[in-house]
S.K.: 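Right, I'll just put the structure down here and ask away after.
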Amino acid sequence: MEDINPSYYPATRAAGLAGDKINYDRGGPNRFMEVQGVTKARKEIIAGQGNKYNVEFAIKDSVNEQNPIQCTAEVLYPTNKQSAPNVTYKLQSEPQNNTTAKDQEFYNNMKHRSVPLAAEEIPDKDGNIAPDMKPIWYLALAASSFVKCQNATEDTYYRSVVIDSVKQVVRNDNALEFHFKTRIHQMTTQVIVYKIT
């Protein structure tokens, strides 16, 4: 295993992918974790399996006031690019803010709307997000994180997400369901590579 510069793209891509995995696992309408910077990175070439990166970085909940949390992650990009990377991580501590009350308020507001939610262009063309749409935005980021984790390769770096449209589906049970049409920006090629419906 060799040390690599933590500011180089391979290290920041691996940390970004670990951040996506964390958001898929722990994100929601009131939590979004952002990678603050890679402090240490190592790479190992594993014959017949792929390239493995060990990265250390800080991650911070950008929605709630809290201190950054240190994280270590291991990302294995398989030789077979048709397979999803294997991402494991460990947080030094759990996020301090409990979002249960805010999540329940969001749930109650959505479940009891007189008209199901329907919105377009989040953020708008100027990059603004209306305060009442931020929980929807964070849900879309968490859901998009799954897609990024499944489709990432060592050469991709997915970052920004734009919601073209979102519609709430009326259900007869206790669950909430939203249908998103989103675009995910692939930074290395500067193209929108995934339109998710």
Side-chain angles (χ1 to χ4, degrees), residues 12-13 15-36 59-66 68-69 84-85 87 89 94-153 156-197:
T12 58
R13 284 183 196 143
L17 184 57
D20 287 329
K21 173 74 169 140
I22 292 167
N23 278 310
Y24 176 69
D25 290 347
R26 298 167 179 260
N30 294 292
R31 174 170 286 140
F32 179 70
M33 307 298 277
E34 287 187 287
V35 174
Q36 298 294 296
I59 197 159
K60 185 174 181 179
D61 183 345
S62 64
V63 180
N64 302 290
E65 297 286 328
Q66 73 172 31
I69 299 170
V87 181
Y89 64 88
E94 288 298 313
Q96 298 169 352
N97 292 320
N98 187 337
T99 63
T100 304
K102 289 184 202 174
D103 291 345
Q104 187 63 48
E105 180 182 353
F106 170 77
Y107 173 84
N108 291 338
N109 289 342
M110 289 293 115
K111 200 66 178 167
H112 298 102
R113 289 178 62 94
S114 58
V115 176
L117 174 74
E120 295 180 348
E121 293 187 23
I122 305 171
D124 66 18
K125 291 181 174 145
D126 296 320
N128 300 313
I129 301 172
D132 63 328
M133 288 292 107
K134 285 192 176 181
I136 297 297
W137 168 246
Y138 297 129
L139 275 178
L141 292 175
S144 296
S145 291
F146 174 78
V147 174
K148 291 189 257 181
C149 286
Q150 292 300 304
N151 293 285
T153 69
T156 57
Y157 191 44
Y158 301 115
R159 291 313 330 140
S160 59
V161 173
V162 175
I163 301 173
D164 288 329
S165 66
V166 58
K167 292 181 182 178
Q168 182 179 4
V169 177
V170 177
R171 295 178 55 122
N172 294 325
D173 58 12
N174 291 329
L176 291 178
E177 182 177 335
F178 300 95
H179 288 189
F180 291 97
K181 287 187 181 177
T182 62
R183 289 176 281 150
I184 300 174
H185 187 192
Q186 210 285 80
M187 297 297 288
T188 54
T189 60
Q190 294 297 315
V191 295
I192 305 299
V193 291
Y194 289 103
K195 279 195 165 188
I196 304 163
T197 302

S.K.: How long is the straight-line distance from CD of Q36 back to CD1 of I69, given to the nearest 0.5 Å?
M.R.: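 Interatomic distance, I69 CD1 to Q36 CD, rounded to 0.5 Å: 10.5 Å.
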S.K.: Which atom pair, heavy atoms only, marks the closest approach of C149 to L17?
M.R.: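 For C149 versus L17, the nearest heavy atoms are CA-CD1, 3.7 Å.
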S.K.: Can you name the closest pair of heavy atoms from G16 and Y157 and give their distance?
M.R.: CA-CE1, 4.4 Å
S.K.: Are F178 and L117 packed together at the side-chain level, in the sense that at least one heavy-atom pair is separated by less than 4.5 angstrom?
M.R.: yes
S.K.: Stepwise, does the side-chain contact (heavy atoms from CB on, under 4.5 Å) test hold for R26 with E94?
M.R.: CA-CA 10 Å; R26 298 167 179 260; E94 288 298 313; 2.6 Å; yes
S.K.: Where is the tightest heavy-atom contact between P123 and I129, given as atom of each residue plus distance?
M.R.: CB-CG1, 3.5 Å
S.K.: Between D124 (side chain) and D126 (backbone), is there a donor-acceptor pair under 3.5 Å?
M.R.: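 A pair under 3.5 Å: yes.
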S.K.: Is it the case that the side chains of N64 and K102 hold a donor-acceptor pair, with the cut-off being a distance below 3.5 Å and no angle test?
M.R.: yes
S.K.: Would you call E177 and K167 a salt bridge, using N to O less than 4.0 angstrom?
M.R.: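 No, this pair does not count.
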S.K.: Is the closest side-chain heavy-atom distance between E121 and I163 below 4.5 Å?
M.R.: no
S.K.: Does F32 offer a backbone N or O that forms a donor-acceptor pair with the side chain of S62 under 3.5 Å?
M.R.: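 Answer holds: yes.
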S.K.: For V162 and R183, run side-chain contact (heavy atoms from CB on, under 4.5 Å): C-alpha distance rounded to whole Å, both residues' side-chain angles, the deciding distance at 0.1 Å, then the answer.
M.R.: CA-CA 5 Å; V162 175; R183 289 176 281 150; 3.2 Å; yes
S.K.: Does CG in N108 sit with more than 12 non-hydrogen atoms of other residues, nucleotides or ligands closer than 6.0 Å?
M.R.: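 Result for CG/N108: enclosed.
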S.K.: Do I59 and E34 touch side chain to side chain, with heavy atoms closer than 4.5 Å?
M.R.: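 Counting from C-beta outward, I59 and E34 never come under 4.5 Å.
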S.K.: Does some side-chain heavy atom of T156 sit less than 4.5 Å from a side-chain heavy atom of N151?
M.R.: no
S.K.: Is any side-chain heavy atom of I184 closer than 4.5 Å to one of K148?
M.R.: yes
S.K.: Does the side chain of V166 come within less than 4.5 Å of I122's, by heavy atoms?
M.R.: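 Sidechains of V166 and I122: in contact.
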S.K.: To check you understand the geometry: which heavy-atom pair defines the closest contact between K111 and D173, and what is its length?
M.R.: NZ-O, 2.6 Å
S.K.: So, taking the atom named OH in Y24 and the one named CG in L141, what distance separates them when rounded to the nearest 0.5 Å?
M.R.: 14.5 Å
S.K.: If you count heavy atoms of other groups shown closer than 6.0 angstrom to OH of Y138, is the number above 12?
M.R.: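 Atom OH in Y138 is crowded, with more than 12 foreign heavy atoms closer than 6.0 Å.
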S.K.: Can you name the closest pair of heavy atoms from M33 and P95 and give their distance?
M.R.: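 Smallest interatomic distance, heavy atoms only, reads CE-CG, 4.2 Å.
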S.K.: Should F180 and D164 be marked as a side-chain contact (heavy atoms from CB on, under 4.5 Å) after you check the CA-CA gap, both sets of side-chain angles, and the distance that decides it?
M.R.: CA-CA 8 Å; F180 291 97; D164 288 329; over 6 Å; no
S.K.: How far apart are the closest heavy atoms of Y158 and D20, and which atoms are they?
M.R.: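 Heavy-atom minimum between the residues: O-OD2, 4.4 Å.
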S.K.: For the residue pair Y89 / D25, report whether a side-chain donor-acceptor contact shorter than 3.5 Å exists.
M.R.: yes
S.K.: Does L176 reach the side chain of M110, with side-chain heavy atoms less than 4.5 Å apart?
M.R.: yes
